[in-house]
Amino acid sequence: MLDVKFIRENPEFVRQGLINKNAKDVVDDILQLDEKRRTIISKAEELKAKKNQVSSQIPKLKKEGKDTTEIFAEMKKVGDEISQLDNELKLVEETLENILRNTPNIAHRSVPIGKNADDNVEVRRWLPEGFSFDNDFKILDHIELGKKLKILDFERGTKISGSGFPLYTGKGATLERALINFMLDTHLQNHGYTEVLPPVLVNRESMKGTGQIPKMEEDMYFIEKDGLYPIPTAEVPITNIHRDEVLSEKDLTIKYVGYSPCFRREAGSYGKESKGFLRVHQFNKVEMVKFAKPENSYDELESMTNDAENILKALNIPYRILMLCTGDLSFSAAKCYDIETWSPAEYRWLEASSCSNFETFQARRANIKFRREDSKKLEFVHTLNGSGLATSRLMVSLLENNQTPEGKVIVPKVLQKYTGFEIID
RNA sequence: GGAGAGUUGGCAGAGUGGUUGAAUGCGGCGGUCUUGAAAACCGUUAAGGAUGCAAGUCCUUCCGGGGUUCGAAUCCCUGACUCUCCGCCA
């Protein structure tokens with residue numbers, strides 16, 4: 001959520017920011033409502049002050065045995081006027097709030113201006129030694145490999161739940177678990193995170209706090225009976241750990257890493273893009289979340305991106321880093337790096353991670369502040385998160401890149417101690 | 001699922017209609033004392049908002065929402081959460 005005061009003071013900057021993000025220019029609407037809001041507040045507060053002043057005299061008057069009927073009648077009138085103004089105010093504030101909640105974050109100045117994914121900028125890429133985009137044998141895709149090696153069973157997953165709910169079997173299930181553990185351990189031992197294992201059903205407040213609601217409501221599962229949402233990402237529960245809290249400056253940067261399954265309705269996406277693991281309703285993800293001071297947050301974004309990259313390097317998976325342009329940035333993000341891994345069967349890059357800085361956008365919604373040691377002032381923290389990483393897309397690249405001409409899959413060295421086997425055949 | 005109790009400032013904990021934004025204790029901060037520290041003593045100690053160049057002034061907030069009243073932390077209704085007992089159960 002953007003700060004109204006900031007919009008009031010920098011209307012043209014915000015206007016341009018919204019245009020760059022392909023968002024509706026609502027600056028004038030906001031300013032108008034804000035103006036109206038403040039007018040009503042002034043009027044109402046004047047009356048309230050009067051009411052309070054008179055009220056405080058009443059005990060004295062009564063004690064002196066004076067007649068208060070007239071005063072009561074007048075105060076009754078004042079009270080009615082106040083509640084009328086308060087109702088008006090409520091309406092204006094709801095309208096304003098509604099607009100603000102549906103208004104995206106503004107991009108950081110370092111973000112390239114662009115319309116859509118075509119304008120994203122490749123920042124760097126990393127390819128394993130001896131890697132080639134072209135192979136001299138027939139590459140099987142992850143679905144064929146999964147079937148042949150009996151490690152993935154999409155048909156039975158569909159029978160159990162529906163399409164997009166993969167079933168891992170045998171060494172496939174073990175490999176998935178190994179991957180999760182390897183990633184967690186790496187972040188814990190090498191990157192200084194604290195592990196959390198969050199609830200996977202969250203309430204509406206939490207979904208609002210990180211910005212999935214109201215904008216993305218259609219993409220979320222919802223359990224009506226209990227008012228709970230299966231999380232689309234662990235970002236939601238982990239960021240909300242500190243909702244409505246004041247953190248100490250000395251505790252920042254707080255770095256959490258946590259595994260969770262993720263649930264997404266992915267309403268309206270079918271076809272080629274969604275086969276196999278490419279788009280699923282349930283997948284596993286290790287998520288990194290940081291609470292940082294404003295002056296550090298962009299350094300933290302770089303290091304978080306590196307943390308995710310280190311996993312891929314260790315697994316020997318080719319990847320590239322994209323800096324998303326303003327038009328392709330998500331609703332809440334001020335800056336974002338996508339990490340894409342190479343799929344030789346698809347012969348294209350697949351998004352496996354997204355590392356974003358939300359600045360104060362989420363902190364404002366979720367009310368997460370910290371107190372400065374020197375000035376004692378409260379400020380909103382910056383929140384960041386990144387996948388480190390999502391196993392489903394990663395599994396595609398892992399299986400396909402490590403296959404042999406005979407259609408077997410060699411387990412990357414770093415995973416072998418977790419799997420207990422070196423090859424899947 | 002049934003019955004009951006509770007939710008007050010950073011924490012603990014008073015307060016059942018009228019100067020209560022809220023006693024008291026602890027903690028925090030500043031000071032006196034001390035070579036230094038502790039103890040003791042004194043002072044101070046919320047957030048958000050409106051207005052103003054500022055000092056300041058004013059408003060709101062005692063879990064959330066609604067109501068009664070001239071006036072509510074205090075009364076009524078409702079929702080959330082916590083705890084205890086019973087039932088059920090991985």
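A note on names: the letters A, B, ... follow the listed sequences, proteins ahead of strands, and every chain is numbered from 1.
- Note that CG of N385(A) is 8.0 Å distant from SG of C355(A), once rounded to the nearest 0.5 Å.
- Annotation: the span from T383(A) atom OG1 to N240(A) atom CG amounts to 10.0 Å, rounded to 0.5 Å.
- Using C1' as the reference atom, A46(B) and A22(B) are 12 Å apart when rounded to the nearest Å.
- Straight-line distance from the CG atom of N203(A) to the C1' atom of G79(B): 14 Å, rounded to whole Å.
- In this structure, K335(A) forms no cation-pi arrangement with Y298(A), as its terminal cationic atom is not both closer than 6.0 Å to the ring centre and no more than 45° off the ring axis.
- Spacing between U20(B) and G30(B) at atom C1', rounded to whole Å, works out to 27 Å.
- The side chain to side chain contact (heavy atoms under 4.5 Å, CB included) test with P104(A) is passed by exactly one of K24(A), K21(A), M1(A): K21(A).
- Across the C1' atoms, A5(B) and G21(B) are found 27 Å apart, a figure rounded to whole Å.
- Taking atom P in both U32(B) and U84(B), the straight-line distance is 49 Å, to the nearest Å.
- Rounding to whole angstrom units, CG of residue D3(A) and P of G48(B) are separated by 12 Å.
- Between K369(A) and S56(A), the one whose closest nucleotide on RNA chain B sits nearer the 5' end is S56(A).
- Counting only N and O atoms by type, the side chains of E359(A) and N105(A) include no donor and acceptor under 3.5 Å apart.
- Taking CG of L184(A) as the start and OH of Y193(A) as the end, the distance is 12.0 Å to the nearest 0.5 Å.
- The CD-C1' distance, from E97(A) to G48(B), rounds to 14 Å in whole Å.
- Salt bridge R15(A)/D25(A): present, at least one basic N to carboxylate O contact under 4.0 Å.
- Contact annotation for K77(A): no contact, since no heavy-atom pair falls under 4.0 Å across all strands.
- Nucleotides U19(B) and G79(B) have their C1' atoms positioned 33 Å apart, rounded to a whole Å.
- Note on ring orientation: taking the six-membered ring where Trp is involved, the planes of F277(A) and H142(A) are parallel (angle under 30°, cut-offs 30° and 60°).
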- [ ] Go ahead and write out RNA chain B as dot-bracket, 5' to 3': ( ) for pairs within the strand, [ ] for ones crossing earlier pairs, | when the partner sits on another strand, dots for unpaired; Watson-Crick or G-U wobble, both distances under 3.5 Å.
- [x] ((((((((.[[[..)..(.....]]]((((((.......))))))((((((....)))))).[[[[[..)....]]]]])))))))....

- [ ] Indicate for each nucleotide in nucleotides 50-76 of chain B, in 5' to 3' sequence, whether protein heavy atoms under 4.0 Å reach the base (B), only the sugar-phosphate (S), or nothing (-).
- [x] SS------BBS-----S---B------

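- As a whole-Å value, the separation of R364(A) CZ from G48(B) P is 12 Å.
- S387(A) places a side-chain heavy atom less than 4.5 Å from the side chain of E287(A).
- Nucleotides A72(B) and G65(B) place their P atoms 15 Å apart, quoted to the nearest Å.
- Rounded to whole Å, the C1' atom of U68(B) lies 15 Å from the corresponding atom of U78(B).
- Rounded to whole Å, atom C1' of U19(B) lies 9 Å from atom CD of Q57(A).
- Remark: C1' of C29(B) and CZ of R371(A) are 12 Å apart, rounded to the nearest angstrom.
- Sorted by first and then second residue, the pairs that involve residues 203-213 of chain A and meet side-chain hydrogen bond (donor to acceptor under 3.5 Å, both in side chains), not counting sequence neighbours, are N203(A)-S206(A), R204(A)-E217(A), R204(A)-Y229(A), S206(A)-R243(A), T210(A)-Q212(A).
- Using P as the reference atom, C62(B) and G9(B) are 10 Å apart when rounded to the nearest Å.
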